[in-house]
Amino acid sequence: MIHPNLILAICCLSLLLVGMDVTIVNVALPSIQQDLHATVSDLQWIIDAYTLVVASLLMLAGSVSDRYGRRRIFQIGLCLFTFGSLLCSVAPSIGGLIAYRAIQGLGASMLNPVALSIIANAFSGPARARAIGIWGAVAGVSLALGPLLGGALTQSIGWRSIFWINVPIGIGAVVLAAKFVPESKAPRARAFDPVGQLLIVFALASVTYGVIEGPHAGWTSGLILGLFTLFVIFLAAFLVYEPRRAEPLLDLRFFHSIPFSSAAATAICAFACFAAFLFLNALYLQQVRGLAAFRTGLCTLPVAIMMMLSAPLSGSLVGSRGPRASLLTAGAGFLFSALALTQLSAGTPFLLLLLSYVLFGMGLGMVNPAITNNAVSGMPLAQAGVAAAIASTSRQVGAALGVAIAGTVVSASHAHHIDFARATHPIWWGMASCGAIILLLGWASSTRRARATAERVAHLF
């Protein structure tokens with residue numbers, strides 16, 4: 001019999017790939033901009049072409065894995081992600097790089113939520129919470145390795161080398177999964193929902209495109225207003241269409257559970273902060289403070305170290321006392337980290353920056369296991385893949401919006417000749433508000449009434 005910890009280790013390789021790739025790319029953005037003559041919106045699309053594809057297809061990947069086999073979809077995702085990474089390393093233009101990032105996103109959509117459902121089937125009870133805590137610690141490791149490797153490779157070899165590192169890890173993970181990860185399926189998987197899937201894709205694409213291109217086309221232009229109108233139409237159509245299907249892409253009854261709904265909202269807030277934090281700090285440290293790529297990576301180490309320390313602690317707390325303590329700590333971390341940066345300037349002391357990074361890393365490490373636990377624990381095991389995919393979709397939606405909104409600040413500072421550091425102040429205040437929301441959700445999701453709603457929803461399936 002294969003030990004569950006071995007399965008956990010193999011699944012964590014996919015998280016290492018995806019997490020490291022995100023932070024590597026952020027550190028390399030200034031070099032990519034210079035080499036490929038990219039605009040700020042191009043940089044946003046390098047990030048969001050990936051996150052949009054992931055966000056759009058995660059729920060489909062969870063459903064497909066429940067139907068056709070989680071190991072099989074996991075391996076396909078690894079192959080696509082590895083192939084996309086190889087293409088990114090030889091991209092001839094900014095348009096090509098953005099397109100190849102979308103291929104990476106296609107593969108990534110089949111990795112983390114499917115891996116989480118594999119873990120959910122391999123572990124149970126408190127062991128599952130501890131496994132999720134280890135999963136969160138690996139996220140910290142990937143965050144630590146990404147900026148350091150990305151900075152070192154970008155400085156010594158060039159930005160293209162940041163994608164090479166994914167190839168051997170991806171190939172190794174495919175081989176190990178084939179040998180050691182058992183196949184698992186849902187006893188009864190849901191039918192496909194192509195209309196719902198298309199509505200999700202169009203809704204996310206229209207709102208993200210509108211936010212990214214708004215500063216350039218003008219917020220009151222026909223194009224931008226039309227895109228936001230399309231978003232409202234697609235979202236409304238999705239909300240009307242889905243309840244009428246016997247087996248929808250997204251069963252809206254899930255959201256009758258307060259813990260589940262709060263997990264989705266928390267994920268959007270937390271990862272909007274995370275993506276904006278990475279995007280803005282990479283540009284600030286290199287373009288305002290004049291740091292080299294490797295030193296920029298070193299500056300993000302406090303975030304990674306705190307994630308590695310706090311994620312296992314959060315997993316243990318969630319397993320023994322529930323998610324409230326983790327979520328309250330996470331909300332406080334985001335809140336005070338953002339408040340420390342609301343007066344950011346070119347001369348902000350590095351000690352204050354590092355303190356903010358420590359608090360942010362603590363918040364991110366504490367929030368992840370609590371999000372996943374709230375999303376998965378209240379659902380039947382047969383719905384584990386879909387529930388994990390919805391939580392991951394919320395993360396990616398938040399990340400896409402975070403980069404899109406943060407990029408508008410950069411564009412505004414260039415267009416109106418505003419100091420970059422001062423132009424970021426509204427984003428930090430927005431992040432502080434997200435921290436306050438997470439605090440509120442941390443309390444509301446663990447009340448007796450909230451637990452009762454989760455029990456009622458579980459009995460529906």
Side-chain angles (χ1 to χ4, degrees), residues 2 4 6-19 51 53-84 103-124 128 131-132 135 170 173-194 196-197 200-201 245 247-251 254 260 263-264 267 371-373 375-397 461:
I2 300 172
L6 179 58
I7 298 171
L8 173 63
I10 296 168
C11 289
C12 282
L13 281 177
S14 71
L15 178 62
L16 185 67
L17 274 175
V18 174
T51 53
V53 172
V54 175
S56 299
L57 299 178
L58 276 172
M59 287 184 288
L60 176 63
S63 179
V64 169
S65 71
D66 285 342
R67 175 178 292 272
Y68 292 109
R70 296 169 180 127
R71 183 184 66 183
R72 178 181 300 174
I73 300 304
F74 182 66
Q75 289 178 291
I76 292 172
L78 285 168
C79 291
L80 282 171
F81 186 87
T82 304
F83 180 60
I103 294 176
Q104 274 191 307
L106 178 60
S109 70
M110 304 178 192
L111 294 181
N112 285 359
V114 179
L116 272 173
S117 63
I118 291 172
I119 292 170
N121 277 270
F123 294 87
S124 61
R128 181 185 295 168
I132 292 172
W135 173 272
V174 170
V175 174
L176 290 171
K179 188 171 183 180
F180 297 110
V181 175
E183 188 59 282
S184 63
K185 301 178 183 179
R188 182 182 176 277
R190 297 174 306 145
F192 295 122
D193 179 11
Q197 181 63 66
I200 282 286
V201 172
R245 281 186 57 86
E247 295 181 289
L249 173 71
L250 172 58
D251 196 321
F254 281 10
F260 185 89
I371 290 172
T372 304
N373 183 80
V376 174
S377 63
M379 298 296 160
L381 194 59
Q383 300 293 329
V386 178
I390 295 171
S392 294
T393 297
S394 301
R395 291 181 175 96
Q396 296 300 326
V397 168
F461 298 94

### Heavy-atom closest pair, residues Val18 and Ala108
CG2-CB, 4.2 Å

#### Entry: Over all atoms of both residues, closest heavy-atom pair of Gly170 and Leu17
CA-CD1, 3.8 Å

### Query
How many angstroms lie between atom CZ of Phe81 and atom OG of Ser14, to the nearest 0.5 angstrom?
9.5 Å

### Task
May I ask you to decide if Gly84's main-chain N or O and Gln104's side chain share a donor-acceptor pair within less than 3.5 Å?
no

## Note on the structure
Interatomic distance, OG1@Thr82 vs CD1@Ile103, rounded to 0.5 Å, equals 12.5 Å

### Message
Within the structure provided, determine whether Val64 and Val114 are in side-chain contact (heavy-atom separation under 4.5 Å).
### Response
no

### Query
If we only count heavy atoms from C-beta on, is the Ile7 to Pro182 side-chain gap below 4.5 Å?
yes

### Query
Rounded to the nearest 0.5 Å, how far does NZ of Lys179 lie from CD1 of Ile10?
10.0 Å

### Task
Check the pair Val174, Cys79 against side-chain contact (heavy atoms from CB on, under 4.5 Å), reporting the backbone distance first and the verdict last.
CA-CA 7 Å; Val174 170; Cys79 291; 4.0 Å; yes

#### Entry: Backbone of Val181 reached by a side-chain donor or acceptor of Arg71 within 3.5 Å
yes

### Message
I'd like to check the side-chain contact (heavy atoms from CB on, under 4.5 Å) partners of Ala264; sequence neighbours left out, ordered by chain and number.
### Response
Phe255, Ser394

### Message
Would you compute the distance between atom CG of Leu78 and atom CE of Met110 and round it to the nearest 0.5 angstrom?
### Response
10.5 Å

## Note on the structure
Scanning both residues in full, the closest heavy-atom pair of Cys11 with Phe74 reads CA-CZ, 4.1 Å

### Query
Nearest 0.5 Å, what's the CG-CG distance between Leu13 and Leu8?
10.0 Å

### Value rounded to 0.5 Å, distance of CG in Leu111 from OG in Ser65
11.5 Å

### Task
Go through the steps for Gln197 and Asp193 under the test side-chain contact (heavy atoms from CB on, under 4.5 Å), then give the verdict.
CA-CA 6 Å; Gln197 181 63 66; Asp193 179 11; 6.0 Å; no

### Task
Give the minimum heavy-atom separation between Glu183 and Arg72, together with the two atoms involved.
OE2-N, 3.3 Å

